[in-house]
There are 2 protein chains.
Amino acid sequence: MNRDLRNPVLHRDDPKREPLSGNIKVTRQDWIDTAMDVLIRHGADRVKILTLADRMGVSRSSFYWYFGSRQDLLDALLSYWEDRNTAAMVAQADAPAPTITAAICNVFRCTANPALFDTALDFAVRDWARRDARVRAALDASDVMRETALRRMFERHGYPEYEAETRAKVLYYMQLGYDFAGKPEPGARRLARVPEYLRVFAGVEPQPGEVEDFNAYARQFAAFSEKEDPHAPS
Amino acid sequence: MNRDLRNPVLHRDDPKREPLSGNIKVTRQDWIDTAMDVLIRHGADRVKILTLADRMGVSRSSFYWYFGSRQDLLDALLSYWEDRNTAAMVAQADAPAPTITAAICNVFRCTANPALFDTALDFAVRDWARRDARVRAALDASDVMRETALRRMFERHGYPEYEAETRAKVLYYMQLGYDFAGKPEPGARRLARVPEYLRVFAGVEPQPGEVEDFNAYARQFAAFSEKEDPHAPS
DNA sequence: GTCTGTCTAGACATTTGTGTCCAGAGCCGG
DNA sequence: CCGGCTCTGGACACAAATGTCTAGACAGAC
């Protein structure tokens, strides 16, 4: 029973690592999934090993087989976020669109669709960034990428560079502030307000059919119709 | 030495309580001030009694003379916030103004002036609200009051009720999102953008002199010219 | 069937934070 | 000057969380 032969570090870091079948109660991914849920619902500083273990019905020791430390787990959570939300929003902003209002609707499609963009996760990461410099750096980089993509979007539709930058800021920070604030408006009222938002953000009238197209899309997602409060405490 | 005669609860709760002069190292207000600083810079969950005591150079026991528990201190912090930011923003929104753009500038004056509105504190309370139901309730009430005041402002300047509500939301949530996001724009660029913001928020051109009046006001405050990063971690 | 590697449980040490108790220092009024 | 009130320091108990160590259960390979 040589201790070096079962060195857990090697196995943890091996991407091809395949666990034995019947022996396992939880996998590395189970730890990550549970931690992600706690991160979103309670914040990064409440991702505690004991809490996760209790919730999954295993002992804390199991954790240290899969992860070297709590920090390792948190790094995994940040990696997941980095590979998701920002890419989705940039893609939607870059998507071709006949008019600026249609283009803005594309951006709305992003935040309306939980499969494309997890607003609760995005918020949790922002919250976390206040407490961790590495997270903060990753977040700042993401904000720049998103805002740049939105500015390019306005520029493609004929807005001068400086005005495009301002409108990108209004659109992006309004979106941010809306998700940040307490209670979201009920889905129906929120949808009804879309044409007005388009007028304010673009400064022009939406074209016929554009709002209807977006509404039809948005109604597919519970997030936009009856979203549960993403900031409920405790 | 009857214990009931020196019952600390009576003294702590007595608003007319006057400490002896030369005997005191810290006052109740010192604890609150230090806690407020930590709340703003690191978040409510890092307001630890030991940390505060170390920083003031006294023992933890002193704390329990002035406060019954850590919760008592946090309640004091919340009370302070409740009596400040919201009142200031509502007052600025209600202030008479010749045009809508001048009225919006009044609101900008609020967030530009640290004496009227502490954005960092506001943010810290929002952060805290995610972790404490009572804070969350106080925050929700404040958001409603602020948004209502902004809607009334647009209505007074002739916007129909529904459009006034939408524009109030864009103005308020953009403000929120801007403070929420990572790095604020440098002061000069931010000031230069004011007229464009006015056009987007109001949908009309600012009148001559309005922007200049606001700029002259804003330049008095370091917060708007070279604000330090309010969300630096740790 | 035994051995080997994978994974888990339970006990231990350590750190950090809260709250309580008590002795006592310092100031004040009588 | 002295007794009582105000406030502080230091010791204690306790709880929550992290990380380490060791024994051992279990499946698969041979």
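Within the nucleic acid shown, A/R70 comes within 4.0 Å of sugar-phosphate atoms alone, with no base atom in reach, counting heavy atoms only. Contact annotation for A/S62: backbone-only contact, meaning every heavy-atom pair under 4.0 Å involves sugar-phosphate atoms and none involves a base.
The side chain of B/Y66 sits closest to D/dC7 out of D/dG10, D/dA17, D/dC7. Closest contact between the side chain of A/W65 and the listed nucleotides C/dT6, C/dA9, D/dG9 involves C/dT6. For A/Y64, the side-chain atoms get nearest to D/dT20 when compared with the rest of C/dG17, C/dG10, D/dT20. For B/K48, taking side-chain heavy atoms from C-beta onward, the closest of the listed nucleotides D/dC21, C/dT18, D/dG9 is C/dT18.
Look at CZ on B/F63: it is 17 Å from C1' on C/dC21, rounded to the nearest Å. Counting to the nearest Å, the P atom of D/dT20 and the CZ atom of A/F67 are 15 Å from each other. Rounded to an integer number of Å, the gap from CD of A/Q71 to P of D/dG19 is 9 Å.
Interface remark: the B/S69 side chain does not form any donor-acceptor pair with the C/dG19 base, using a distance-only criterion of under 3.5 Å. Taking only distance into account, the side chain of B/T51 never meets the base of C/dG17 through a donor-acceptor pair shorter than 3.5 Å. The base of C/dG17 lies outside donor-acceptor range of the side chain of B/R60, with no N or O pair under 3.5 Å.
Between A/S61 and A/V47, the residue anchored closer to the 5' end of DNA chain D is A/V47, taking for each the nucleotide with the nearest heavy atom. Place B/G57 and A/I49 on DNA chain D by their nearest nucleotides, and B/G57 ends up nearer the 5' end.
A cation-pi arrangement is present between B/R126 and A/F180 under the rule of less than 6.0 angstrom and at most 45 degrees off the ring axis.
B/Y66 and B/D30 share no side-chain donor-acceptor pair at under 3.5 Å. No donor-acceptor contact under 3.5 angstrom links the side chains of A/W128 and A/D45, judged on distance only.
A salt bridge does not link B/K48 to B/D54: none of the charged nitrogens lies less than 4.0 Å from a carboxylate oxygen.
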